[in-house]
Amino acid sequence: MSEPTGKYSITMPRDIAEAAKARSGPSGLSAYVAAAVARQIERDNLNELIQVAEAEHGPVTDEEIQALRDQLHQNRLEQTRGRADAA
């Protein structure tokens, strides 16, 4: 079951509105805008969590970020190999 909806009036630059309308496809502009706003809310929530974590534990260093990216890349490679071996 879908969530209840409400009708809202928003103002945005015409070029952005036209680009969104052109990309919205069969789901329509309202669904496209709602998905974009939902993604922004997720980003805002994540940024708030990061700020809280950094306030408590200090900022994450560039080296730590790179190490985690390397680990993620390695895990993806292993998953890809595992699927190829299973095939």
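Nothing here was measured: the structure is a model prediction, and the numbers come from that model.
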Q: Can you give the donor-acceptor pairs under 3.5 Å from side chains of residues 31-45 to other protein atoms, not counting sequence neighbours?
A:
| unit_1 | atom_1 | unit_2 | atom_2 | d |
| --- | --- | --- | --- | --- |
| Gln40 | NE2 | Asp44 | OD1 | 2.9 |
| Asn45 | ND2 | Ile41 | O | 3.4 |

Q: Quick one: CD on Gln51 to CG on Asn47, what's the gap to the nearest 0.5 Å?
A: 6.5 Å

Q: Residues two or more places apart in sequence or in another chain: which of them pass side chain to side chain donor-acceptor pair (under 3.5 Å) with Gln74?
A: Glu78

Q: Tell me, please, which residues at least two apart from Gln66 pass side chain to side chain donor-acceptor pair (under 3.5 Å).
A: Asp70

Q: Mind checking what makes side chain to side chain donor-acceptor pair (under 3.5 Å) contact with Gln79, not counting sequence neighbours?
A: none

Q: Sequence neighbours left out, what passes side chain to side chain contact (heavy atoms under 4.5 Å, CB included) with Thr80? Give chain and number order.
A: Arg83

Q: Under the rule for side chain to side chain contact (heavy atoms under 4.5 Å, CB included), what residues qualify as partners of Glu64, not counting sequence neighbours?
A: Val60, Thr61

Q: Does Gln71 have any side chain to side chain donor-acceptor pair (under 3.5 Å) partners at least two apart in sequence or in another chain, and if so, which?
A: none

Q: Output the distance between atom CD1 (Ile65) and atom CG (Asp62), rounded to the nearest 0.5 Å.
A: 5.5 Å

Q: Only distances under 3.5 Å count here; give the side-chain donor-acceptor pairs of residues 6-19 to other protein atoms, sequence neighbours excluded, each with its distance to 0.1 Å.
A:
none

